[in-house]
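Beneath this line is the structure, given in structure tokens, with notes to follow.
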Amino acid sequence: MLATGALSAAGAFTGYTYIVTFLGEVGGFSPGTVSVLFVGFGVACLAGVGVTGAFLDRFPQSALAVAVATQAAGMLGLYAFGAHQAAAVVCLMLMGGALGPVFMTTQNAMLHCAPGRTDIALAANSGAYTGYDRGRPQPA
């Protein structure tokens with residue numbers, strides 16, 4: 001679980017490091033539009049958490065697989081179709097819709113993997129996820 005979370009975070013945060021530049025230069029979005037897109041990204045994240053929460057207890061492994069696959073599809077789609085604004089928006093929303101659920105599903109899995117040491121399990125999961133974010137390069 002830690003490896004899944006860490007790899008997902010590495011991919012997500014590496015992509016997010018360059019997303020503003022990518023959306024502006026490749027997608028042709030204005031800075032103001034990029035700001036609005038990030039609001040949509042956040043709303044998609046909240047929606048993803050809400051949808052995932054409804055299925056997490058009954059289908060924990062599937063929820064994790066779907067969240068990671070959605071994140072990958074959004075990132076790969078943005079790479080492949082980022083020059084097309086409509087496609088870029090859809091892919092960005094997929095990425096946003098998966099960000100919270102990936103962390104949520106790995107955290108849930110960690111609780112089940114270490115029921116006697118949930119404090120350590122949650123700390124390890126948070127460290128795997130946020131530790132990468134603190135060390136990532138910042139855009140210029």
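Predicted model only: the values in this text are computed from it and were never measured.
Here the shortest heavy-atom pairing between Pro101 and Cys45 reads CD-O, 4.4 Å. Across all their heavy atoms, Leu78 and Phe22 have their closest contact at O-CZ, 3.3 Å. Closest of all the heavy-atom pairs between Asn108 and Pro60 is ND2-CB, 3.9 Å. Nearest heavy atoms, Ala88 versus Phe29: CB-CE1, 4.0 Å. Nearest heavy-atom pair across Ala44 and Met93 is CB-O, 3.5 Å. Taking every heavy atom of both residues into account, Ala98 and Ala67 meet most closely at CB-O, 3.4 Å.
Counting heavy atoms of neighbouring residues, nucleotides and ligands inside a 6.0 Å radius, atom CZ of Phe81 does not exceed 12 of them.
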- side chain to side chain contact (heavy atoms under 4.5 Å, CB included) evaluation trace for Leu23 with Leu92: CA-CA 10 Å; Leu23 290 172; Leu92 186 66; 4.0 Å; yes

- Task: Would you please test Met95 and Gln71 for side chain to side chain contact (heavy atoms under 4.5 Å, CB included) and show each step?
- Result: CA-CA 5 Å; Met95 291 169 58; Gln71 177 183 336; 5.6 Å; no

- Message: Would Leu56 and Met104 count as a side chain to side chain contact (heavy atoms under 4.5 Å, CB included) here? Give the steps.
- Response: CA-CA 9 Å; Leu56 187 56; Met104 180 175 148; 4.0 Å; yes

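When the side chains of ILVMFWY residues are joined at heavy-atom separations under 4.5 Å, either directly or via intervening members, Phe38 and Val26 end up in a single hydrophobic cluster. Hydrophobic clustering places Val89 together with Val20 (ILVMFWY residues linked when any side-chain heavy atoms are closer than 4.5 Å, directly or through intermediates).
A heavy-atom distance below 4.5 Å is not found between the side chains of Val68 and Thr105.
One finds the CD1 atom of Ile19 at 7.5 Å from the CE atom of Met75 (value rounded to the nearest 0.5 Å). Rounding to the nearest 0.5 angstrom, the gap separating the CG atom in Leu46 from the CG atom in Leu99 is 10.5 Å.
Counted by atom type alone, Thr33 and Ser30 present one or more donor-acceptor pairs between their side chains at under 3.5 Å.
Every residue two or more places apart in sequence or in another chain was checked for a side-chain hydrogen bond (donor to acceptor under 3.5 Å, both in side chains) with Ser35, and none qualifies.
Applying the ring-ring contact (aromatic ring centres under 6.0 Å, His included) rule to pairs touching residues 39-80 yields Tyr16-Phe41, sequence neighbours excluded.
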